[in-house]
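Notes to accompany the following structure.
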Amino acid sequence: MKVTAEQIIEHMKQVHFNHIIQTPGMLKQTVGGLNGMDMETYNKGYTDALEQLIDYFGDRV
């Protein structure tokens, strides 16, 4: 089975959505949060990076 660029972009959009809906309480319950990591900052960086990738590649596929 081949994966298309459109499928990759759609997957990235779904992952982005799954991360932006995370509340601070939910993030504290993750493995990183339970180990004392600042998951709010981590999640913000992760979602920002996904947004940049989606913006950049989304217009090119």
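FYI, the numbering just counts along the sequence from 1. What's counted below: heavy atoms across the whole structure, side chains too, no hydrogens, waters or symmetry copies.
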Salt bridge (Lys or Arg N to Asp or Glu O under 4.0 Å) involving D38 - partner list, sequence neighbours excluded: none

For residues 49-61, dump all side-chain donor-acceptor pairs below 3.5 Å to protein atoms at least two apart in sequence or in another chain.
from: E51; atom 1: OE2; to: H16; atom 2: NE2; distance (Å): 2.9
from: R60; atom 1: NH1; to: Y56; atom 2: O; distance (Å): 2.4

Sequence neighbours left out, cut at 3.5 Å: what donor-acceptor pairs do the side chains of residues 17-30 make with other protein atoms?
from: N18; atom 1: OD1; to: Q14; atom 2: NE2; distance (Å): 3.0
from: N18; atom 1: ND2; to: Q14; atom 2: O; distance (Å): 3.4
from: H19; atom 1: ND1; to: N43; atom 2: OD1; distance (Å): 2.8
from: Q22; atom 1: NE2; to: N18; atom 2: O; distance (Å): 3.1
from: T23; atom 1: OG1; to: M26; atom 2: N; distance (Å): 3.2
from: T30; atom 1: OG1; to: L27; atom 2: O; distance (Å): 2.7
from: T30; atom 1: OG1; to: G33; atom 2: N; distance (Å): 3.1

Under the rule for side chain to side chain contact (heavy atoms under 4.5 Å, CB included), what residues qualify as partners of V3, not counting sequence neighbours? Q7, I8

Applying salt bridge (Lys or Arg N to Asp or Glu O under 4.0 Å) as the test, list every pair that has at least one member in residues 3-25; sequence neighbours left out. E10-K13

